[in-house]
Amino acid sequence: MADYRTIKAEPLTNAVRAIVKAGGSSDREAELVSTNLVEANLRGHDSHGVGMIPRYVQSVVNGGLAVNAHVKTVLDTGPLLTLDGLTGYGQVIGHEAMELAAERAKQNGVCLVGLSNAHHIGRIGHWAEQCIGHGLVSIHFVNVISRPIVAPWGGSDARHGTNPFCVGIPRRGKEPIVLDFATSRIAQGKTRVAHNKGVELEPGTIIDNEGNPTVNPRYTVIPPYGAILPFGEHKGSGLALVCEILGGALSGGQVVKGPSDGKYNVLNGMLSIVIDPDKLGTGENLAREVESFVAWHTSSPPAPGVDKVKIAGEPERETKKKRLAEGIPVDPTTWQEILEAGKKFGLDPAAIEKIAG
């Protein structure tokens with residue numbers, strides 16, 4: 001990692017905030033976008049971090065990402081919300097959608113929210129963590145409207161996106177459970193990171209443009225395109241199918257129907273179920289039983305080469321602690337792309353370099 005630069009979280013946030021603001025965003029929008037992206041880097045998900053800025057900038061330039069848009073309420077019956085993201089920054093739309101959902105869940109015990117047409121909403125665990133902050137359990141099904149990048153089980157080309165699934169469960173006085181994963185073997189952004197680093201992927205992760213196994217990440221980044229394989233064979237592929245339909249169609253949005261239009265736009269649909277355990281009358285039971293099971297689960301003797309059995313969300317918290325102390329590694333290709341993106345909004349690369357220290 002000799003070629004890497006390591007940037008502390010605060011100056012990196014400031015640099016990204018400056019770029020977003022240069023694109024016409026309000027202070028509030030620039031704050032939500034920059035802190036969300038850097039948080040993804042802090043938690044080790046560089047695929048959803050500051051490396052997305054070049055795509056966002058291109059989407060603004062193309063007219064596919066609406067600056068300063070806010071979530072639109074299409075239907076509100078109290079426990080049921082249907083929302084339209086109006087192609088606004090997903091970091092803003094997601095935040096507003098989850099605040100509305102949390103408010104309704106506290107009033108009614110549950111909120112089922114369908115969110116459509118949000119520009120890339122990033123790391124889905126972020127939205128589960130927002131609900132956890134309100135003491136709420138949440139379940140999220142997400143689809144992706146962009147260039148198809150994942151092959152169905154048994155298929156030989158890409159037919160849908162990475163279609164994440166996420167569950168957040170709060171714990172009293174302890175770190176929460178946050179299960180958050182793409183239904184593909186690897187997140188699309190992780191293949192971009194590998195390509196920028198010049199490293200190969202694990203065997204069995206992707207196929208090339210002819211449907212043959214390959215370890216070269218270029219087949220998911222530059223034409224001719226191949227596809228990422230689903231995780232868990234038919235099980236992951238089945239979950240991706242469900243995420244596509246629930247996140248894309250039941251939410252009030254759209255599903256992938258064919259090849260991409262060639263633009264850089266990434267739209268997400270998300271169906272979220274947000275539950276107040278206290279209103280359900282099971283808050284005390286949940287608190288007690290969660291601790292019983294976590295204790296049993298994590299007390300399994302570690303397998304060879306494993307330090308301890310962890311719960312979902314724990315590795316990300318450990319990475320965050322490390323990166324807050326040491327800084328966030330950014331590869332040279334990604335950093336150059338970020339500087340070039342800033343130029344498209346009229347920002348001098350030297351100014352961005354100065355902000356980032």
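Here the structure is a predicted model, which is why all the values come from computation and not from measurement. Heads up: numbering here begins at 1 and tracks the sequence.
A 6.0 Å sphere centred on NZ of Lys8 holds more than 12 heavy atoms belonging to other residues, nucleotides or ligands.
Judged purely by distance below 3.5 Å, without hydrogens or angles, the side chains of Thr183 and Asn163 never pair a donor atom with an acceptor atom. Using a 3.5 Å distance cut-off with no hydrogens or angles, the side chains of Asp46 and Asn41 do pair a donor with an acceptor. With 3.5 Å as the limit, one finds a donor-acceptor pair spanning the side chains of Lys344 and Gln58. Residues His119 and Thr87 have side chains that never bring a donor and an acceptor to within less than 3.5 angstrom of each other. Neither side chain, Glu39 nor His45, offers a donor N or O lying under 3.5 Å from an acceptor on the other. Of the N and O atoms on the side chains of Gln91 and Glu29, not one donor lies less than 3.5 Å from an acceptor on the other residue. Looking only at atom types and distance, the side chain of Glu291 has no donor-acceptor partner in the side chain of Trp296 under 3.5 Å away. Between the side chains of Asn62 and Ser59, no donor N or O sits under 3.5 Å from an acceptor N or O.
In this structure, the ring of Tyr225 has its center no less than 6.0 angstrom from the ring center of Tyr219. Ring-centre distance between Phe165 and His140: not below the 6.0 Å cut-off.
Residues Leu229 and Val150 fail the side-chain proximity criterion, which asks for heavy atoms closer than 4.5 Å. Looking only at side-chain heavy atoms (C-beta outward), Ile207 and Asn212 stay at 4.5 Å or farther from each other.
Taken to the nearest 0.5 Å, the CD1 atom of Ile275 stands 13.0 Å off from the CG atom of Asn108. Going from atom CG of Asp157 over to atom CD of Glu210 covers 12.5 Å, rounded to the nearest 0.5 Å. Taking CD1 from Ile352 and CG from Leu339, the interatomic distance works out to 5.5 Å, rounded to the nearest 0.5 Å.
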